[in-house]
Amino acid sequence: MLDYELLRLIWWALLGVLLVGFAVTDGFDLGVGMLFRFLGKTDEERRAFLETIEPVWEGNQVWFILGGGAIFAAWPPLYATSFSGFYIAMFLVLAALILRPVGFVFRNKLADPRWRNIWDVCLFIAGFVPSLVFGVAFGNFLLGVPFRFDDTLRVFYEGSFFALLNPFALLCGLVSVAMLAMHGGTYAAFKTHSPMSDRAATAARISAVAYIILFTICGVLISMSVDGYRIASEINTAGPSNPLGKAVLSGTGAWLDNYGRYPWMLAAPVIGYLGAIGAFVFARDRAGIALISSGLAVAGTICTAGFSAFPFMLPSSLDPGSSLTVWDASSSQLTLFIMLVATLIFMPLILAYTAWVFRVLRGKVSLEHIHKGAY
């Protein structure tokens, strides 16, 4: 059996892979949902944009479920604390995501423009709200979440929903919105013909510029005014999971420590910037390359947050010593090992099936298909 420290590192990395997988695949679904109402000049064009994501959104959302399941099984204290503290935010996300399949089903039931406009707004909400809330959650993660453990390891959350909507977290939410709008715009440009693809490419380029500006502002604030966290005591990386008993200090610039300790982590923000630049440059003429570039930007952004915070999985602003880390918030060694074996068996199957689905559904959606009733 692999040693406990290595298993914890593997599952930290696997959690990042699942988050990246969700953001890259379902991210363009959310992005198209935000943009289609503005990109489509006619009802047929809006239907065409929706048809670029309707066959694949459900499979893409599986990554979200896998991520939640991985947190539940591999990181139980993280699951209990985050899902309790962000309960209302998670409810908003789920309610918005529920609107998506309902909108797909009911939008075309009636030809009345007013009816379709209502469902267009619902589909916009289904794309915008999760994109914003996910970014707000990452922002609060970097600020620290107001929770603590007592001496019996009962968790107490002492925040409120509206406290989550602080300026820095909302800025991170806007980074997420711009990033996924860029990703959705490149995907829509890749899957449609001109002039729809031209409008989608323009939206992707505008979103890429907004992402670069907002991402840079976040980085400056993290380096100059946002307090990060660092472990100030010895910690047993292979010991039993117990978040108490360590000393954690907060200080401005602490989230940058890892980049000096592990310079290779700088690749994450660099990939984020280069991906956004690639999306901007190639969106109009080489949409496929632009889509890959925007996917890299999404992956680089998520990895930037993960690398900056390592080994923290959920820092506590109320009691920094209660912060959850890779080394004290995991399941047992045996549980992690059994889960790893199952993952090595089923993850390749999921990847193969996903690749097969996208191969079957390759090609562009055209207005001719819409007119003929093929979609």
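Not measured: the values here are computed from a predicted model. We're numbering straight along the sequence, starting at 1.
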Find out whether [X] and [Y] are in side-chain contact, i.e. whether some heavy atom of one side chain is under 4.5 Å from a heavy atom of the other.
{"X": "S176", "Y": "F138", "result": "no"}
{"X": "V129", "Y": "V93", "result": "no"}
{"X": "F36", "Y": "D120", "result": "yes"}
{"X": "D319", "Y": "F147", "result": "no"}
{"X": "L367", "Y": "E45", "result": "yes"}
{"X": "C218", "Y": "L214", "result": "no"}
{"X": "P76", "Y": "S331", "result": "yes"}

Partner of F312 under side chain to side chain contact (heavy atoms under 4.5 Å, CB included), chosen from V326, L324, V248: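 Exactly one pass, corresponding to V248.
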Restricting to side-chain contact (heavy atoms from CB on, under 4.5 Å), what partner residues turn up for Y79, sequence neighbours left out?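 side-chain contact (heavy atoms from CB on, under 4.5 Å) check on Y79 returns I71, F72, F83.
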Qualifying residues under ring-ring contact (aromatic ring centres under 6.0 Å, His included), relative to [X], sequence neighbours excluded:
{"X": "Y229", "result": "W255"}
{"X": "F38", "result": "F124"}
{"X": "F307", "result": "W264"}
{"X": "F141", "result": "none"}

Yes or no on side-chain contact (heavy atoms from CB on, under 4.5 Å) for L296 and L274, after CA distance, side-chain angles and deciding distance? CA-CA 8 Å; L296 290 173; L274 292 179; over 6 Å; no
Find the distance between [atom1] ([X]) and [atom2] ([Y]) and round it off to the nearest 0.5 Å.
{"X": "R359", "Y": "L361", "atom1": "CZ", "atom2": "CG", "result": "12.0 Å"}
{"X": "K191", "Y": "S197", "atom1": "NZ", "atom2": "OG", "result": "13.0 Å"}
{"X": "L2", "Y": "I10", "atom1": "CG", "atom2": "CD1", "result": "5.5 Å"}
{"X": "M179", "Y": "F215", "atom1": "CE", "atom2": "CZ", "result": "9.0 Å"}
{"X": "L50", "Y": "D29", "atom1": "CG", "atom2": "CG", "result": "11.0 Å"}
{"X": "T237", "Y": "W327", "atom1": "OG1", "atom2": "CH2", "result": "5.5 Å"}

Review item, side-chain donor-acceptor pairs of residues 340-355, under 3.5 Å, at least two apart:
residue: T343; atom: OG1; partner: M339; partner atom: O; Å: 2.8
residue: T354; atom: OG1; partner: I350; partner atom: O; Å: 2.8

Just do the salt bridge (Lys or Arg N to Asp or Glu O under 4.0 Å) check on R100 and D26 with the steps written out, would you? CA-CA 12 Å; R100 182 163 55 184; D26 203 42; 3.2 Å; yes
Please answer: with hydrophobic residues joined when any side-chain heavy atoms are less than 4.5 Å apart, are [X] and [Y] in the same cluster?
{"X": "V121", "Y": "L97", "result": "yes"}
{"X": "L6", "Y": "L334", "result": "yes"}
{"X": "L94", "Y": "I88", "result": "yes"}
{"X": "V145", "Y": "F156", "result": "no"}
{"X": "L318", "Y": "F168", "result": "no"}

Does R107 pair with D43 as a salt bridge, N-O distance under 4.0 Å?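 Answer for the salt bridge query: yes.
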Determine, step by step, whether N108 and R116 satisfy the side-chain contact (heavy atoms from CB on, under 4.5 Å) criterion, reporting the C-alpha distance in whole Å, the side-chain angles of both residues, the deciding distance to 0.1 Å, and the verdict. CA-CA 7 Å; N108 296 324; R116 294 188 172 181; 3.7 Å; yes
Side chains of Y4 and S332: any donor to acceptor distance under 3.5 Å?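 S332 vs Y4: no donor-acceptor pair found between side chains.
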Can you see whether N117 engages R114 through a side-chain donor-acceptor pair at a distance of less than 3.5 angstrom?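 R114 and N117 do not have a side-chain donor-acceptor pair below 3.5 Å.
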Under the side-chain hydrogen bond (donor to acceptor under 3.5 Å, both in side chains) rule, collect the residues that match up with [X], sequence neighbours excluded.
{"X": "D151", "result": "none"}
{"X": "T216", "result": "Y273"}
{"X": "D328", "result": "K246, T325"}

So which heavy atom on [X] is nearest to which on [Y], and how close?
{"X": "W75", "Y": "S330", "result": "CZ3-CB, 3.4 Å"}
{"X": "N258", "Y": "A309", "result": "ND2-C, 4.3 Å"}
{"X": "S323", "Y": "P315", "result": "OG-CA, 3.4 Å"}
{"X": "S233", "Y": "A247", "result": "OG-N, 2.9 Å"}
{"X": "I212", "Y": "A276", "result": "CG1-CB, 3.7 Å"}
{"X": "P311", "Y": "I231", "result": "CG-CD1, 3.8 Å"}

Taking A188's backbone N and O only, do any of them form a donor-acceptor pair with T52's side chain (distance below 3.5 Å, no angle check)?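 It does not hold such a pair.
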For the side chain of T81 and the backbone of L78, is there at least one donor-acceptor N/O pair under 3.5 Å apart?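 Checked: no pair found.
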For the aromatic rings, using the six-membered ring if either is Trp, is the centroid distance between F134 and F22 under 6.0 Å?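 Distance test on ring centres: under 6.0 Å, yes.
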Is the F28-Y187 ring centre distance short of 6.0 angstrom?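 Centroid distance F28-Y187: below 6.0 Å, so yes.
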Stepwise side-chain contact (heavy atoms from CB on, under 4.5 Å) check, F149 with S322: CA-CA 6 Å; F149 289 98; S322 293; 3.7 Å; yes
Within 45° cone and under 6.0 Å: R205 NZ/CZ vs F280 ring: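 Yes, a cation-pi geometry.
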Evaluation steps, side-chain contact (heavy atoms from CB on, under 4.5 Å), between F91 and V133: CA-CA 10 Å; F91 179 82; V133 172; over 6 Å; no
Does anything in residues 129-148 form a side chain to side chain donor-acceptor pair (under 3.5 Å)? List the pairs, not counting sequence neighbours.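 As it turns out, the side chain to side chain donor-acceptor pair (under 3.5 Å) pairs with a partner in residues 129-148, which skip direct neighbours, are N140-N166, R148-E158.
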Residue pairs passing the side chain to side chain donor-acceptor pair (under 3.5 Å) test where at least one lies in residues 277-306, sequence neighbours excluded: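 As it turns out, the side chain to side chain donor-acceptor pair (under 3.5 Å) pairs with a partner in residues 277-306, which skip direct neighbours, are H183-S294, T186-S294, T202-R284, Y211-T301.
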Check against side-chain hydrogen bond (donor to acceptor under 3.5 Å, both in side chains), R8 and Q333: CA-CA 8 Å; R8 283 167 162 165; Q333 183 178 4; over 6 Å; no
For V105, what are the other residues in its hydrophobic cluster, where any two members join if their side-chain heavy atoms are less than 4.5 angstrom apart?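 Its cluster mates, by chain and number, are I98, V102, F106, L110, W115, W119.
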Neighbour count above 12 (heavy atom, 6.0 Å) for Y87 OH: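 Counting other residues, nucleotides and ligands, OH of Y87 stays at 12 neighbours or fewer.
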